[in-house]
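Both backbone and side-chain heavy atoms feed into the values below; hydrogens, waters and symmetry mates do not. No experiment lies behind these values; they were computed from the predicted model shown. Count residues from 1 along the sequence.
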Amino acid sequence: MTGDGTRVLFLRSASGTDRSNCLWLLDTENGEERLLVDPAQLLPHDQVSPEEQARRERARERSTGITTYATDRDGRLAAFTLSSRLFVIDITSGATRELPARQPVADPRPDPSGRRIAYLSGGQLRLINVDGSEDRALAEPEDENISWGAAEFIAAEEMRRHRGYWWNPDGTAVLATRVDESPVQFWYLADPARPEVAPRAVRYPAAGTANAEVALAVLTVEGERIDVDWDRGAFPYLVAAHWSAHGQPLITVQSRDQRTQLVLAVDPQNGRTTELHRDTDPHWLEIKTGWPAWTPNGELVRIAAQDNAYRLFVGDRPWTPPELQVRAVLDVADDILLSASAEPTEIHLYRATADGVEQLTTTPGVHTGTRSGRTLVISASTPDREKTRTTVLRNGTEIAEISNHAETSGMQLNIQFLRLGERQLRSALLLPSHYRPGDGPLPVLVDPYGGPQAQRVLRRQQGHLTSQWFADQGFAVLVTDGRGMSGRGPEWDRAIAGDLAGPPLQDQVDALHAAAAEHPELDLNRVAIRGWSFGGYLAALAVLRRPDVFHAAIAGAAVVDWQLYDTHYTERYLGDPNTNPEVYQANSLLRDAPKLNRPLLIVHGTVDDNVVMAHSLRLSAALTAAARPHTMLPLPGVSHMPTDEVTSENLLLLQVDFLRKALGLQHDG
């Protein structure tokens with residue numbers, strides 16, 4: 001939103017079958033929407049650079065057209081890219097023009113005053129005036145291994161930090177990262193479907209190996225560079241940064257083992273840092289978004305674990321009670337806008353002050369929001385509707401609803417939210433939409449993610465539609481969030497420390513048996529499990545270690561050997577493989593390969609640069625070496641998640657066909 005809250009900018013495509021985002025404006029004075037930019041009118045064919053494709057992969061961005069944009073402080077000017085070219089729009093007049101910036105352009109951001117635009121190109125951090133004059137490098141890399149102003153792989157993939165530079169409040173300086181990737185090993189990724197294309201060399205920081213070296217500097221628009229000084233040897237991870245008018249720049253840094261985290265204030269005149277706060281944990285420290293920050297009166301805002309809750313602290317005082325799990329800070333003013341949960345299957349907006357918290361959303365569901373001045377925008381995903389509802393409020397009164405052009409599935413969601421077993425495992429049970437009590441037993445499809453953080457059991461329709469589609473093919477589908485999942489506090493998160501296999505798998509087994517005890521229509525003699533990424537690991541693990549419970553599995557883009565996954569994620573849970581090799585062996589699927597005696601379908605994209613295809617290939621090789629039959633389905637040209645409609649749809653059909661054959665179900669055509 002613009003600084004005074006009178007305008008709301010948002011991205012929306014023309015329909016549910018159009019992936020190209022346009023830039024829109026909603027005037028909060030009259031509630032009217034106005035199209036600002038249609039990419040098709042500027043560039044009919046958007047060409048995506050490899051750098052932009054990598055950014056979208058890290059952000060899990062599936063849209064095309066305008067995928068990100070940034071504005072000045074007052075919302076008079078917005079900058080965005082198309083085909084790696086730089087465009088700006090005068091929001092008041094609607095005039096859009098291309099600036100003659102060096103290509104390829106990435107991550108353009110106007111300074112707060114709207115005089116200049118910073119952007120990334122070829123490892124450089126550059127500045128261009130809004131009139132198109134004086135395009136120059138603010139920082140240049142010394143060699144091809146160094147880049148300025150970009151988030152490195154680990155920050156973007158695992159820390160939710162997708163930025164690498166931050167303007168100061170008056171637009172005269174930038175706090176920017178300098179990333180040196182030379183210590184990071186090369187991996188060579190080839191697409192077997194395209195033998196004419198040379199393998200792509202990528203820097204991949206696998207567990208136990210070297211990370212990129214990340215430094216910071218204050219860069220003035222006049223060309224001065226002031227390096228920021230902190231103990232980068234002890235605290236190599238740059239987690240977050242913040243620069244506002246209410247105090248010195250703030251950074252959060254973390255030790256390699258993620259057990260110590262500091263909030264530092266930076267003196268922009270000389271680069272020296274002062275420790276403001278230190279957190280420690282015997283296992284690891286979770287990263288929550290939106291902090292550190294300053295309040296208008298200069299108090300430090302942070303989220304920290306206390307009393308088995310993630311609590312909001314302002315200064316040294318907790319502003320939220322232990323009954324509330326704070327997920328993110330959304331806006332800081334005299335009061336603070338929060339995303340938080342009292343019940344893990346729901347996420348609500350709260351307003352926090354020193355006197356307590358006020359819940360702003362009450363309808364069961366998942367809510368997020370943003371605000372500026374007296375205007376609050378709320379996006380709500382709820383169980384009673386497929387589409388997200390986005391409303392605009394002024395002074396607490398709804399004044400407009402932003403139209404949602406998404407398609408609807410036409411499915412009837414037949415879902416029950418359950419609390420199962422002694423651990424009150426949050427689960428969702430989906431039955432065929434036409435199913436009635438007494439219709440007979442149903443084969444069961446366990447459909448989890450099951451690993452840390454990526455919560456699936458939320459009270460909304462989004463996220464359950466694919467599970468409902470599987471249910472409508474004749475299955476009872478059970479989705480369970482086990483230990484390690486968000487929303488239930490630090491002790492729940494850390495129950496998987498050193499063991500990514502045991503607790504997650506046991507929670508799926510316990511939830512299945514508890515659900516069957518409550519719902520006799522679940523046929524425990526015909527149970528399959530499917531999953532993707534960590535869910536793929538969990539699915540393969542289930543048939544390897546618990547074939548007494550699970551009779552077939554589909555493992556999509558599965559992590560097989562944790563030594564092949566990245567540093568920050570893997571070492572958080574399993575430690576350093578150089579000092580704890582036995583932990584990695586215990587959590588690997590490879591040593592269990594000879595145990596396979598159930599049907600297993602392995603699916604993997606050939607150009608996956610997150611969970612590389614080597615995982616599935618090594619599992620297949622181990623199974624073959626043990627003479628264990630299995631099915632391997634490569635997805636040519638697909639990265640970590642399929643994005644095109646044909647592959648996505650047919651992959652669902654192929655999975656259903658596999659499940660029916662594996663469980664001995666009659667194929668009804």
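Checking side-chain atoms of R160 against main-chain N and O of I287 turns up a donor-acceptor pair under 3.5 Å. Looking only at distances, no side-chain donor or acceptor of K288 sits under 3.5 Å from a matching main-chain atom of I303. Without hydrogens or angle criteria, Q325 side chain to N308 main chain gives a donor-acceptor distance under 3.5 Å.
With sequence neighbours left out, E518 forms a salt bridge (charged side-chain N to carboxylate O under 4.0 Å, His left out) with no residue at all. By the side chain to side chain contact (heavy atoms under 4.5 Å, CB included) test, A542 pairs with L505, I529, F550, sequence neighbours left out. Listed by chain and number, the residues in a side chain to side chain contact (heavy atoms under 4.5 Å, CB included) with D566 are F153, I154, E157, E158, Y204, H568, Y569 (sequence neighbours excluded). Scanning for ring pair (Phe, Tyr, Trp, His ring centres under 6.0 Å) contacts around H367 gives H348, with sequence neighbours left out. Residues meeting the side chain to side chain contact (heavy atoms under 4.5 Å, CB included) test with S616, sequence neighbours left out: I602, H604, M632. For A454, the side chain to side chain contact (heavy atoms under 4.5 Å, CB included) partners two or more places apart in sequence, or in a different chain, are Y449.
At most 12 non-hydrogen atoms from other residues, nucleotides or ligands lie less than 6.0 angstrom from CD of E422. Shown here is E491, whose CD atom has no more than 12 heavy atoms of other residues, nucleotides or ligands within 6.0 Å. Within 6.0 Å of the CD atom in E358, the count of heavy atoms belonging to other residues, nucleotides or ligands exceeds 12. For R423, the CZ atom counts as densely surrounded, since its 6.0 Å shell holds more than 12 non-hydrogen atoms of other residues, nucleotides or ligands.
Q468 and Q461 are not linked by any side-chain donor-acceptor pair at a separation below 3.5 angstrom, with hydrogens and angles left out of the test. Side-chain contact, R459 with T345: a donor N or O sits under 3.5 Å from an acceptor N or O. Using modelled atom types, one finds a donor on one side chain and an acceptor on the other under 3.5 Å when comparing T647 with D644. With no hydrogens or angles considered, a side-chain donor-acceptor pair links T390 and S379 at under 3.5 Å. Side-chain contact annotation: S433 with D472, donor-acceptor N/O pair under 3.5 Å present. A donor atom on one side chain and an acceptor atom on the other are not found under 3.5 Å apart for T391 and E401. No donor-acceptor contact under 3.5 angstrom links the side chains of H405 and S13, judged on distance only.
By the 4.5 Å heavy-atom criterion applied to side chains, L635 and V603 are counted as neighbours. Taking the side chain as every heavy atom from C-beta outward, T370 and L330 never approach each other to under 4.5 Å. With contacts defined as side-chain heavy-atom distances shorter than 4.5 Å, the pair V656/W469 qualifies.
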Intermediate values then yes/no, side-chain contact (heavy atoms from CB on, under 4.5 Å), L360 and L337:
CA-CA 9 Å; L360 302 179; L337 182 66; 3.7 Å; yes

Evaluate the side-chain contact (heavy atoms from CB on, under 4.5 Å) criterion for residues V357 and L312: first the C-alpha distance (whole Å), next the side-chain angles of each, then the deciding distance (0.1 Å), finally the verdict.
CA-CA 10 Å; V357 296; L312 173 72; over 6 Å; no

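R426 pairs in a side chain to side chain contact (heavy atoms under 4.5 Å, CB included) with only one of the listed residues (M485, R419, Q455), which is R419.
Here the straight-line distance linking atom OG of S381 with atom CG of L458 works out to 9.5 Å at 0.5 Å rounding.
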